[in-house]
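Down below is the structure, laid out as structure tokens.
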Amino acid sequence: MALTGIEIFKLTPKKNCKECGVPTCMAFAMKVAQGAVTVDKCPYFSDEALAKLSEATQPPMKTIAVGEYKLGGETVLYRHEKTFVNKTLYAVNVCEKDEKAEEALANMGKVDYERIGERMYVEFAYVNYVDNKEKFLELVTKAKEAGKTIILGCKCPEVAKEALAITGKDVILNGATPANYAEMNAVATEAGCVLGVRGENIDELYDTVAALEGLGNKNLVIDVTLPTIKETFAAAVQLRRAALKEENRTAGYPSLVNIAKPAFAADAEMQEALATLFTMKYGSIVVMSGMSYAQALPLYGLRQNVYTDPQKPMRVEPGIYPLNGADADAVCALTVDFALSYFTISGEIERSGVPCNLLIPDAGGYSVLTAWAAGKLGASTVAKFIEDYAIENKINNRKLIIPGKVAVLKGEMQEKLPNWEIIVGPNEAVQVVKFLRDL
């Protein structure tokens, strides 16, 4: 269980030195208990106290690093309580038994696009071993050459060693079971990689994790994939609840869900539905049999919505964004710094093919109408933006298109910017293409 503020205070040096930035040791202890500050802010803890506090104040769910990616580290079950920390990542399954394995590996790189400033692509290749070692190692080599982070679905310690010699340590070796966990632990520990735990039911998973912790290994992920979808979903939810609500640290590891199993989903539509389900509850990695654009667009959009901080608007940097090869003589258009507004409008402007300088003032990260209602978008703020960014020194064209939904600003804006011709644009982004071409 987490320590209370009083329990933490008993371990403090009680100097009230203020070097941590907090007036008293009692106040510091309370902030540590709330998770507002970390214990390393105090330079005077004894080594013994620091070791005890560091363990007790860690999140109940461990953060596991795999190469450039981080998994787990969550502190709440629901996004409205506090933002989630590390987003769900996706993998595509390839197996040496599949004649189209190499084709599937090649197709993984085809889904790669940007949405609201975030790159969307398949992060992992799940290379599954059955019994053809040579073909398996060949697929591992090709996945490595493709630049993908690899998950090795392998329960054989000898074959796993050979695969790890190819991949290096930045992989997940998903193959520890109740029957082989000691051998697989030795392989993973020697390689310095993350070890995945598998079992036939949630009790086997929990007991195997506990046994591995007893061997000193806490660099783990739990493969919650069980014989049925119902059991898999129950395991994912129950382990997450045990970790976060009951603070059971043995259950507090990132989870992997392999919905590429034929018994789970024989068609792409069902896989999409299951990937959606486990993105929300609670797959740290979701393994699919393939990923097409038709699957990726709604799935990555959902993930981005779930894993962004609801308290912080997604914003783009204020400034001038030349589109379609716009130069100093191109017409100007105005929108706000809310990322969704920017990417929607910029996409339509690019589709029109008309050179245009898109001007983005600081509007607090709000949408057009919200920014206007909050006083973040008005004639004075736009005039100040044009002055602060020296727009008139950089752009010769004096036509400025404003969003149709704030047409009421036209008169006041014309007064503030007498050298500009203020043009009211359309109300909806979909009308921008025709509007610009006609203009």
Side-chain angles (χ1 to χ4, degrees), residues 88-105 107-108 111 122-132 135-136 139-140 143 150-156 159-160 172-181 184 195-209 221-240 251 253-292 294-296 298-299 302-303:
T88 298
L89 304 176
Y90 300 112
V92 167
N93 180 73
V94 293
C95 177
E96 90 265 5
K97 290 291 186 183
D98 186 356
E99 294 180 357
K100 296 184 176 180
E102 293 183 20
E103 181 183 341
L105 200 55
N107 287 336
M108 286 174 60
V111 173
V122 179
E123 289 89 359
F124 290 93
Y126 188 102
V127 187
N128 198 36
Y129 171 67
V130 181
D131 56 20
N132 188 332
K135 182 65 175 177
F136 170 70
L139 281 177
V140 170
I150 299 171
I151 304 170
L152 298 170
C154 176
K155 294 187 285 187
C156 175
V159 175
I172 298 173
L173 174 56
N174 187 30
T177 68
N180 72 359
Y181 71 86
M184 294 300 285
L195 182 61
V197 180
R198 297 157 75 171
E200 290 299 313
N201 55 59
I202 192 169
D203 292 330
E204 281 193 4
L205 290 172
Y206 185 87
D207 291 344
T208 306
V209 170
V221 299
I222 304 176
D223 186 342
V224 298
T225 313
L226 299 181
T228 67
I229 296 171
K230 180 180 178 181
E231 291 173 283
T232 301
F233 180 70
V237 173
Q238 288 171 19
L239 288 171
R240 183 66 63 93
Y253 292 93
S255 58
L256 181 149
V257 185
N258 190 349
I259 60 172
K261 291 177 61 173
F264 278 18
D267 56 78
E269 291 77 14
M270 186 60 177
Q271 288 228 349
E272 179 80 357
L274 290 176
T276 298
L277 172 67
F278 287 107
T279 296
M280 295 186 289
K281 292 186 179 292
Y282 288 106
S284 299
I285 300 175
V286 176
V287 183
M288 303 172 66
S289 58
M291 181 74 79
S292 65
Q295 292 171 304
L299 188 59
L302 169 71
R303 181 182 74 175

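Keep in mind it's a predicted model, so treat the numbers as computed, not measured.
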Looking at every non-hydrogen atom in both residues, tell me the closest pair between [X] and [Y] and how far apart they are.
| X | Y | value |
| --- | --- | --- |
| Ser255 | Gly283 | OG-CA, 3.6 Å |
| Ile172 | Gly196 | CG2-N, 4.2 Å |
| Val111 | Ala296 | CG1-CB, 3.6 Å |
| Ala160 | Leu173 | CB-CD1, 3.7 Å |
| Ala275 | Ile259 | N-CD1, 3.6 Å |
| Glu231 | Pro227 | OE1-CB, 3.6 Å |

Please check this pair: side chain of Glu96 against backbone of Val130, looking for a donor-acceptor N/O pair closer than 3.5 Å. yes

Answer yes or no: is there a donor N or O on one side and an acceptor on the other, between the side chain of Asp98 and the main chain of Cys95, under 3.5 Å? no

Phe136 vs Leu152, side chain to side chain contact (heavy atoms under 4.5 Å, CB included): CA-CA, chis, key distance, verdict: CA-CA 10 Å; Phe136 170 70; Leu152 298 170; 4.0 Å; yes

Could you check if a side-chain atom of [X] sits within less than 4.5 angstrom of a side-chain atom of [Y], using non-hydrogen atoms only?
| X | Y | result |
| --- | --- | --- |
| Met291 | Leu299 | yes |
| Val92 | Asn107 | no |
| Val224 | Leu239 | yes |
| Leu226 | Leu205 | yes |

Measure the spacing between [atom1] of [X] and [atom2] of [Y] and express it to the nearest 0.5 Å.
| X | Y | atom1 | atom2 | result |
| --- | --- | --- | --- | --- |
| Leu89 | Leu256 | CG | CG | 10.5 Å |
| Tyr253 | Arg240 | OH | CZ | 14.0 Å |
| Leu274 | Phe264 | CG | CZ | 8.0 Å |
| Leu277 | Thr232 | CG | OG1 | 10.0 Å |
| Asp207 | Ile202 | CG | CD1 | 10.5 Å |
| Tyr126 | Ile150 | OH | CD1 | 13.0 Å |

Go through the steps for Leu302 and Thr276 under the test side chain to side chain contact (heavy atoms under 4.5 Å, CB included), then give the verdict. CA-CA 8 Å; Leu302 169 71; Thr276 298; 3.4 Å; yes

Can you list the steps and then say if Asn258 with Asn174 is a side chain to side chain contact (heavy atoms under 4.5 Å, CB included)? CA-CA 11 Å; Asn258 190 349; Asn174 187 30; over 6 Å; no

Does Phe278 have more than 12 heavy atoms from other residues, nucleotides or ligands lying within 6.0 Å of its CZ? yes

Taking atom NZ as the centre, does Lys261 end up with more than 12 heavy-atom neighbours from other residues, nucleotides or ligands that are less than 6.0 angstrom away? yes

With the threshold set at 4.0 Å, does a side-chain nitrogen-carboxylate oxygen contact exist between Glu123 and Arg303? yes

Checking Thr208 against Met184 for the side chain to side chain contact (heavy atoms under 4.5 Å, CB included) test, could you report, in this order, the C-alpha distance in whole Å, the side-chain angles of both residues, the deciding distance, and whether it holds? CA-CA 12 Å; Thr208 306; Met184 294 300 285; over 6 Å; no

So, Thr279 and Tyr90: side-chain donor and acceptor under 3.5 Å apart, yes or no? yes

